[in-house]
2 protein chains.
Amino acid sequence: MTTNHDGTLERLFEFATLLTDLLDRGLEQQGLSRPRAEVLWRIHHHGPTTQRQLADSLQCTPRNVTGLVDALDALGLVERQRHPSDRRAVLVALTPTGRRTVDNLLAAYRSRASELLDGISGPQLTSFLATLAQVADRLRPDSRPPPVDGSPRLAR
Amino acid sequence: MTTNHDGTLERLFEFATLLTDLLDRGLEQQGLSRPRAEVLWRIHHHGPTTQRQLADSLQCTPRNVTGLVDALDALGLVERQRHPSDRRAVLVALTPTGRRTVDNLLAAYRSRASELLDGISGPQLTSFLATLAQVADRLRPDSRPPPVDGSPRLAR
DNA sequence: TATTGTTATACTCTATAACTATA
DNA sequence: TATAGTTATAGAGTATAACAATA
């Protein structure tokens, strides 16, 4: 017997929209688009990264990474470095300005999270997150295992 | 005293990503992009709609609507009709094919919702949705009131 | 004068394909 | 021969600005 979940799915989608809008507003304050922010985010977690690795983790083409890195380079947030052992490859690293930008993003999100969650009791939050994890598990396509490095792909 | 919610916000963002990915996979099966699907969705709920109204509800420029309607028209999902009283305006309506496409989307989402939520007990789901609504209320910017017509903006 | 929707133009993100320098 | 990253080209979505037709 299948329960009628019609309105529920729409509420979930609206929730997702609100969350990604929150994310976007934070990025916008730093003058960043979502794809560009995601590149910074990856490098922040992995350290200097080849464009090939970026293409794999962002699930886009190498050509696309070229454009994103070009743009971030022009903004002074990122720089290309020589790969120590492979002269075909390029390492993309954060500049000091890039590091500061990521720090600003993190600080903004920490304060946002407080506003969002502080009024909710510990047990209520725990139960909420447990159900959320349960639903998330069913949402995860087999092709994409849960992130292991603490840097989930930012919402698209 | 502010609790440390660092990982929590990231889990919420990942959840949003998974949900919007689910949404996109459904749209992709109907050969639709998110902006185009949103136009269909709006017209499905409001009936024939002027491009001005579409621009307002999608929060984009009229120029943008022109492009989206052109594309949906070329796909045979939508047609432009004369406005009965304002000869400047255009009414955009679903074609029979467009209606069938929307019906397919709805059916697909109903079955997806079952897969996603059926194993969760009634009380657990109720409590989950209550907390979700509480967080959603704090997420909603003043500028965008909660949807009143059952057609929340699709996630971006 | 204000509004509706268009043309003109430009920018971002995305993709495929062909090419180069290296492995 | 395969891989890393580029150039070339194209298409979708978005924006602003100028304009035509209508209100």
Side-chain angles (χ1 to χ4, degrees), chain A residues 20-21 23-24 27-28 30-43 46 48-75 77-93 153-156, chain B residues 17 20-21 23-24 27-28 30-43 48-75 77-93 153-156:
Chain A
T20 53
D21 282 354
L23 182 62
D24 284 341
L27 300 181
E28 202 176 337
Q30 299 294 321
L32 289 172
S33 66
R34 201 125 28 113
R36 291 177 189 183
E38 196 157 352
V39 171
L40 294 187
W41 191 242
R42 291 286 160 183
I43 302 174
H46 292 86
T49 307
T50 66
Q51 296 192 186
R52 179 74 243 176
Q53 289 172 320
L54 287 172
D56 289 341
S57 66
L58 304 181
Q59 302 189 136
C60 68
T61 60
R63 176 61 186 93
N64 203 346
V65 173
T66 299
L68 294 171
V69 171
D70 283 351
L72 290 168
D73 186 7
L75 291 170
L77 302 178
V78 127
E79 64 177 7
R80 289 182 167 95
Q81 300 174 343
R82 291 199 317 278
H83 191 289
S85 62
D86 186 340
R87 291 201 308 188
R88 297 168 305 177
V90 168
L91 283 179
V92 187
R153 220 182 74 232
L154 299 180
R156 272 197 293 227
Chain B
T17 302
T20 53
D21 282 354
L23 182 61
D24 284 342
L27 300 181
E28 201 177 338
Q30 298 294 322
L32 289 172
S33 67
R34 212 150 348 138
R36 292 177 188 183
E38 195 156 354
V39 171
L40 295 186
W41 191 241
R42 290 285 161 184
I43 302 174
T49 306
T50 66
Q51 295 191 187
R52 178 74 242 176
Q53 289 173 321
L54 287 172
D56 289 341
S57 67
L58 304 181
Q59 302 187 137
C60 70
T61 61
R63 176 61 187 91
N64 203 345
V65 173
T66 298
L68 294 171
V69 171
D70 282 352
L72 289 168
D73 186 7
L75 291 170
L77 302 178
V78 125
E79 65 177 6
R80 288 182 167 97
Q81 301 174 343
R82 290 201 317 278
H83 191 289
S85 60
D86 186 340
R87 291 200 307 190
R88 297 169 305 179
V90 168
L91 283 179
V92 187
R153 222 184 71 232
L154 300 180
R156 275 197 290 228

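Numbers restart at 1 for each chain; the letters A, B, ... are given by sequence-line order, proteins then strands.
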_Integer-rounded Å distance: D:dT14 C1' and A:Glu28 CD_ = 13 Å
*Between B:Thr61 and D:dA15, is there a side-chain N or O to OP1/OP2 distance below 4.0 Å?*
yes
*Take atom CZ of A:Arg63 and atom P of D:dG11, then tell me their distance rounded to the nearest Å.*
16 Å
*To the nearest 10°, let me know how far the axis at one end of the helix from C:dT1-D:dA23 to C:dA23-D:dT1 is tilted from the axis at the other, five pairs an end.*
10°
*Within residues 78-88 of chain B, find the residues that approach DNA chain D with a heavy atom at under 4.0 Å, and present them sorted by residue number.*
B:Ser85, B:Asp86, B:Arg87, B:Arg88
_Protein-nucleotide distance (A:Arg52, atom CZ; C:dA23, atom C1'), rounded to Å_ = 15 Å
*Any B:Arg80 side-chain heavy atom under 4.5 Å of B:Gln51 side chain*: yes
*Under 4.0 angstrom between B:Thr66 side-chain N/O and C:dT7 OP1 or OP2*: no
_For B:Gln53 and A:Arg36, find the nucleotide of DNA chain C closest to each by heavy atoms; which residue's nucleotide sits nearer the 5' end?_
B:Gln53
*Separation of atom CG in A:Asp73 from atom P in D:dG5, rounded to whole Å*: 14 Å
*Close side-chain approach of B:Thr49 and B:Arg42, heavy atoms under 4.5 Å*: no
*Distance test, side-chain N/O of B:Gln51 to OP1/OP2 of C:dT6, below 4.0 Å*: yes
*What's the CG-C1' distance between B:Leu68 and C:dG5, to the nearest Å?*
14 Å
*Under 4.0 Å: is that the gap between some side-chain N or O of A:Asn64 and OP1 or OP2 of C:dC13?*
no
*Please state whether the phosphate of D:dA4, meaning OP1 or OP2, lies under 4.0 angstrom from any side-chain nitrogen or oxygen of A:Thr50.*
no
